[in-house]
Every structure is written in structure tokens, then in C-alpha cells.
Q: 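Before anything else, here's the structure in question.
For ligands, and for the atoms within them, numbers begin at 1 and follow the listed sequence. Hydrogens, waters and symmetry mates are skipped; everything else that's a heavy atom, side chains included, is used. These numbers come from a predicted model, not from an experiment.
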Amino acid sequence: MCGIIGYSGERSACSVCLTALANLEYRGYDSAGVALWEGDTVQVIKAQGRLSCLRERLGQGHGASRCGIGHTRWATHGSPTDINSHPHRQGRVTLVHNGIIENYLELRAELETLGYRFVSETDSEIAAALIDSCYVRSGSPLEAIGAAMERLEGSYAFAILFDGEPGVVYGVRKGSPLIAAVDDTGCFLASDLPAVLGYTREHYLLGEGEVVRGEGTQVCFWDRELRPLSKKRITAEWSMEEAQKGGYDYFMLKEIHEQPRALRDTVLPRLRDGLPDFTADGLPEGFFRNIRKLNIAACGTALYCGMVGKALIERLARIPVEVDMASELRYRNPILGENEAAVIISQSGETADSLAALRLFKERGIPVIAIVNVVGSSIAREADYCLYTYAGPEIAVASTKAYSVQVAMMYLLAILAAGDKGVEEAARRSETADLLRVISLTPRVLEMYDQIGRYAATLRDAHSLFYIGRGLDYSLAMEGALKLKEISYIHCEAYAAGELKHGTISLITEGTPVIALATQADLLPKTLSNIREVKARGARVLLVTMEGLPVDDTACDEKIVLPAVDGRFAPLLLVIALQIIALNAAIVRGCDVDKPRNLAKSVTVE
Ligand code: M6R
């Protein structure tokens with residue numbers, strides 16, 4: 001939530017900030033702003049709305065500044081107005097903030113007694129005043145940051161300019177991501193790699209409570225006790241091309257098409273002699289041997305992946321799996337025992353609730369495996385074992401390729417755990433071969449893009465829609481419904497097909513669109529009966545099924561038939577069709593596909 005950037009060097013700071021903010025806009029796009037050192041003063045320019053509004057306000061000026069900070073906002077405290085936009089300035093401190101200061105009201109009252117007056121409704125302006133009050137006392141930016149950290153509760157990544165140190169940018173993080181990067185012209189502070197990939201791949205990851213000072217090509221680090229720190233420079237594996245649209249109209253469209261590649265990149269390095277092997281990831285051999293129960297926690301799409309994981313692991317390895325929304329788990333005092341393990345699934349590796357769930361498991365002595373896409377993210381760093389997915393940067397707010405690779409990881413873990421629990425090698429080999437086969441079939445679903453898109457176009461005026469399915473199809477129904485709601489704004493509910501008649505079927509009237517998923521052979525007769533029940537009440541049914549399954553055309557109005565695979569592997573094909581439906585529904589409804597309203601890619605607040 002919110003993207004921040006800072007730059008000091010030979011380039012135009014204004015142009016660096018605008019470029020970086022364009023690549024960070026997926027983190028929030030309610031407003032944008034910059035603060036630039038111009039002569040002896042810091043100029044703040046900000047505008048409500050998309051980055052284009054800020055560009056317009058900046059006009060052709062401000063190109064001479066060589067040091068500045070910038071922000072793209074996902075509003076938490078205060079509506080998305082010019083005044084609430086960042087940067088915020090108090091006294092001799094100007095800053096941009098990503099995160100939430102939880103004790104801001106208490107700090108505000110205290111700072112008002114010192115004479116500070118606030119113009120915005122934000123917690124960030126309070127943080128600026130707090131740091132300024134510490135700066136007034138110490139005269140040292142570093143000490144001011146250290147003292148402010150003692151008082152700030154909540155999460156933050158700041159990029160800060162101090163009057164008195166022109167051309168210098170400071171940064172600090174706790175609970176929100178921040179990296180420092182360098183090229184031969186200067187240094188950058190940023191929320192995320194895509195912000196700086198156009199300039200450099202060389203970067204440093206800041207740990208909790210760490211502080212950075214950047215001036216030109218010189219970057220220095222301190223730990224939370226303000227002791228100097230020497231940090232390892234990392235070369236990013238992601239390239240700028242990967243973080244751009246590459247000829248596609250939308251990031252989401254590009255990312256949907258990248259799935260066959262992402263799946264291969266994630267799965268193939270984890271196979272040895274035809275079986276899953278995670279030793280190169282650091283997961284000890286026989287990890288699951290003594291595990292009695294697994295606990296999966298995640299949010300949104302990653303949560304729905306966890307539900308698929310539960311079905312796969314329980315079926316193959318016979319280990320009981322509990323799946324929790326991370327936001328609920330953290331406040332329900334879960335019952336955890338010996339010989340349990342946890343799996344946290346997160347594309348960004350920064351989701352606040354998932355990170356809190358991870359910490360809860362660790363506090364309770366439960367070993368945590370993280371499945372994460374963003375290298376060096378907080379969840380990746382804090383987990384006991386991190387299994388990276390290799391989806392590459394996912395920019396569209398709607399998650400697509402990240403889900404598929406997470407699901408692929410669930411197959412691999414299920415097969416691995418099955419081995420630890422004594423399932424015969426021949427069965428595990430055959431599962432692994434089936435996984436590879438389904439990956440090789442994913443391009444065939446992409447070839448059905450136009451057919452699936454034509455159905456989606458019929459949803460242009462839809463107000464409400466139901467996804468139904470049983471077993472794995474139900475987990476996929478939830479993912480399909482989330483995707484559709486998120487980007488097309490059509491109200492949509494996912495229902496277990498057998499549960500409909502316990503209430504929800506009363507919402508089915510003449511013409512109500514229903515998307516029925518029927519890829520599970522053993523459940524097919526039951527699912528078809530449920531489809532007939534809604535059809536009899538006037539629903540317009542799209543049936544998504546697989547070649548070779550005996551479905552009678554009278555059960556539906558339209559049909560999408562996916563390549564034949566065993567039902568266990570259907571999720572990897574099915575999800576692509578559901579993503580294409582959501583994307584095309586959003587396009588015909590004129591929605592902003594990559595940046596849906598009210599959302600942000602990385603949810604670093606509770
Ligand atoms: O980065 P994470 O995987 O932890 O994000 C979790 C959810 O916020 C995310 O999956 C969200 O639901 C997506 N926008 C859905 O497309």
C-alpha cells in the first residue's frame with residue numbers, strides 16, 4: 001500500500017521520481033506527490049488522482065533538482081485529497097510514508113502542546129512532526145530518526161529530506177518494505193524493485209528498524225541501535241522487460257500469458273529424478289515425516305490457493321490441513337500442538353496479516369514454510385524455510401500467474417509429504433509426471449482466449465453472478481469470483497453447488513448468470529443435478545468442464561471444454577479460463593483492469 005521513492009545523484013530527481021512512481025502505481029493510486037531540493041529549499045508538489053494529475057501540475061519545470069522523494073498513495077487515514085497527499089512537511093522535515101502509525105492520535109495531542117499544527121488528516125504528517133521535534137533537539141537526522149523510532153507504533157517505511165542536509169535522502173523501515181539501490185549516477189530508495197529496475201539491478205534490502213542515508217553514489221546503513229552496518233549488495237534477477245507490458249494492452253493479460261513459463265520455472269528446478277526435491281531451498285529431507293497437522297494461512301487469492309493445497313495434501317499425504325484467513329487467525333488464539341508446521345502463502349511477501357500469522361506461528365514454536373514470489377520480502381526473510389515461486393514480477397493488482405505457481409507448489413509439497421508419509425514411489429512419480437503434463441497443456445487454454453472472451457462479453461450489463469462447484473471446483477469458484485469482483489465490479493458469489501438449496505438459490509431468477517465448474521469426475525452427477533436446479537429457476541448457465549466428461553448439453557446454455565486431465569490437476573487449467581473471463585468482463589465494462597478502484601497490490605496494513 002503506497003509506493004515510495006527517494007533519489008540523490010546526477011539525474012533529474014523529478015524525472016527519476018516520476019518514472020519510479022509510474023512503476024509503483026500498482027501499490028496505490030489515490031494521489032501522488034514529490035518533494036524536490038531546489039536551491040536551498042525543498043519544494044513540495046502533489047495532486048489528488050492518478051500520476052498523470054501530478055505530471056500535469058509539475059508541467060515542464062523542476063528538472064534541475066538532483067535530490068528528491070516521491071509517493072503514490074493508497075489512502076488509509078483521510079480521503080484522497082491534495083492536502084492528504086504525500087509528501088508531508090513539518091518544521092524542517094519532509095517525508096513520504098508507507099504504512100500506518102497506530103499511535104498517531106496520542107502523538108498528535110502531544111505534538112500540539114509543542115506548538116505543531118496539522119493541516120492533513122494523515123498519520124504521516126504526525127510522523128513528520130515527531131521526527132522534526134527530535135531533529136530540533138538533537139540537530140542530527142540520524143539521531144532524530146532513532147529517537148522517533150522509539151515512539152512510533154505501527155508500520156512504516158519513510159524516505160525523508162532534512163533541511164540542513166541538502167542533496168541527502170534518508171530512509172528507515174519497520175514492517176513496510178524498503179530497498180536501497182545504486183547505479184553509477186547516484187542512489188535510490190524505493191518500496192519495491194520495479195521502481196528502480198529501469199536504472200539498476202544492484203540493490204540492498206533493509207531489515208527491520210534499519211536506517212539508510214544516501215548522497216550521490218554513497219549509501220550508509222545503521223541498525224536499529226544506530227550502529228553502522230555493512231550490507232551485502234544484491235543483483236536482482238528480475239529485469240525491466242519483465243516489469244513492463246511487453247506489447248500487451250494490460251499487465252494482467254501479459255501475466256495470464258506468462259503462466260506456462262512461470263509454472264515451468266517454478267517446478268522444473270524442484271525435480272530430481274522425476275520427484276519433488278526441495279533440498280536446494282533448504283527444506284530438510286523428511287521434513288513432513290513427523291508432522292501431524294499443517295496450518296496454512298494466507299489472504300485473498302493466496303488463501304484460495306491454500307484451500308487447493310489442503311485438498312491435495314490431505315488426499316495424497318493424509319496429513320490434516322487447517323486453512324485460515326490470516327486476518328482471522330491472528331485474533332482467534334488457534335490451538336496448535338507439537339509436530340505441527342505452518343505454510344504461509346504470499347505473492348508479495350509483505351501482506352501485513354500473513355506476516356502477523358507467520359510471527360504468531362513462530363512465537364508458538366511452529367516451524368514455518370513460506371511460499372513467496374518477491375525475493376527478500378519480509379515473509380521470505382522471517383520464515384524458517386522460504387520456497388520462492390518464480391513467477392517474475394506481478395504488476396496487475398489481480399493476481400494470476402502468482403496463483404498458478406503457488407498451486408504448483410502445493411502439488412509438489414503434497415507429493416513430497418506423501419513420500420515422507422510412506423506413499424509408494426511409483427504413485428509419487430506418476431503424480432509428478434501428471435503435474436508436468438498439465439503444465440504442458442496450459443497453452444491450450446490460452447488458445448481458447450477468444451471463445452472464453454466472447455462469453456465474458458455477455459456479462460457487460462450483469463449485476464450479479466454466481467460461481468458454483470464442488471470439491472476442488474468450489475475452491476476454484478472462490479478464486480474465479482474474487483477475480484471477477486475485483487476487476488469488473490460485478491457482484492459475484494461463489495457457492496458450493498450442494499449448499500445452494502439451503503438459502504442462496506432464492507436469488508436465482510430468470511437470466512441470472514451462473515458459471516458452473518464441473519471438472520471432478522467423481523462429483524459430476526451431483527454437480528449436474530445442482531446445475532439443473534438453477535437452470536430450472538431461469539439461470540443462464542455457463543458450464544466449464546473437461547473433454548471426456550459425460551455432460552449433457554441440456555444442462556447448460558453455453559459450454560467451455562478444457563483439455564482432459566485428471567480432475568486433481570484441473571485447477572491449473574481451470575484458473576486460466578476464470579482469469580480470462582474476469583479480464584474480458586472488466587474490459588467490456590470499461591474498467592481499469594490493472595488498477596481496480598479502492599485496491600492496491602501489496603496490502604501492508606491490517
Ligand atoms: O501478496 P499476497 O499474495 O499476500 O496478497 C494477498 C492478497 O491481497 C491478494 O491475493 C489479492 O487478493 C489479489 N489482489 C487478488 O487478485
Q: Are any side-chain N or O atoms of N373 and backbone N or O atoms of A391, one a donor and one an acceptor, separated by less than 3.5 Å?
A: yes
Q: Could you tell me the residue and atom name of the protein heavy atom closest to atom 2 (P) of ligand 1, and the distance to it rounded to 0.1 Å?
A: T351 OG1, 3.2 Å
Q: Taking the inter-plane angle between the rings of H71 and H86 on a 0 to 90° scale, is it parallel (under 30°), tilted (30 to 60°) or perpendicular (over 60°)?
A: parallel
Q: Out of curiosity, I179 CD1 to L206 CG, how far, rounded to the nearest 0.5 Å?
A: 9.5 Å
Q: For ligand 1, which atoms have a heavy atom of G300 less than 4.0 angstrom away?
A: 12 (O)
Q: Between Y204 and K231, is there a cation-pi geometry (under 6.0 Å to ring centre, at most 45° from the normal)?
A: no
Q: Looking only at distance, does Q406 have an N or O less than 3.5 Å from an N or O of ligand 1?
A: no
Q: Flag L482 as yes when one of its N or O atoms lies below 3.5 Å from any N or O atom of ligand 1, and as no otherwise.
A: no
Q: To the nearest 0.1 Å, how far is atom 3 (O) of ligand 1 from its closest protein heavy atom, and which atom is that?
A: Q347 N, 2.7 Å
Q: Give the residue and atom name of whichever protein heavy atom lies nearest to atom 1 (O) of ligand 1, and the separation in Å to one decimal.
A: S348 OG, 2.6 Å
Q: I want to know whether Y385 and F278 have ring centres closer than 6.0 Å.
A: no
Q: Looking only at atom types and distance, does a side-chain atom of T266 sit under 3.5 Å from a main-chain N or O of Y390, one as donor and one as acceptor?
A: yes
Q: For atom 7 (C) of ligand 1, what is the closest protein heavy atom, and at what distance to 0.1 Å?
A: C299 O, 3.6 Å
Q: Which atoms from ligand 1 have a heavy atom of V397 less than 4.0 Å away?
A: 13 (C), 14 (N), 16 (O)
Q: Could a heavy atom of K483 be found less than 4.0 Å from some atom of ligand 1?
A: yes
Q: Counting only heavy atoms, tell me which of E486, Q579, K485 gets closest to atom 13 (C) of ligand 1.
A: E486
Q: What atoms of ligand 1 come within less than 4.0 Å of a heavy atom belonging to A398?
A: 16 (O)
Q: Could an N or O of ligand 1 be found under 3.5 Å from any N or O of T301, whether backbone or side chain?
A: yes
Q: Identify, for atom 8 (O) of ligand 1, the protein heavy atom at the shortest distance, and state residue, atom and that distance.
A: V603 CG2, 3.9 Å
Q: Describe, in one word, how the ring planes of F569 and Y411 are oriented to each other, choosing from parallel (under 30°), tilted (30 to 60°) and perpendicular (over 60°).
A: parallel
Q: Examine R173 relative to Y156 and say whether NZ or CZ is less than 6.0 Å from the centre of the six-membered ring and inside a 45° cone about the ring axis.
A: no
Q: What do you reckon, are the aromatic ring centroids of Y199 and F188 less than 6.0 Å apart?
A: yes
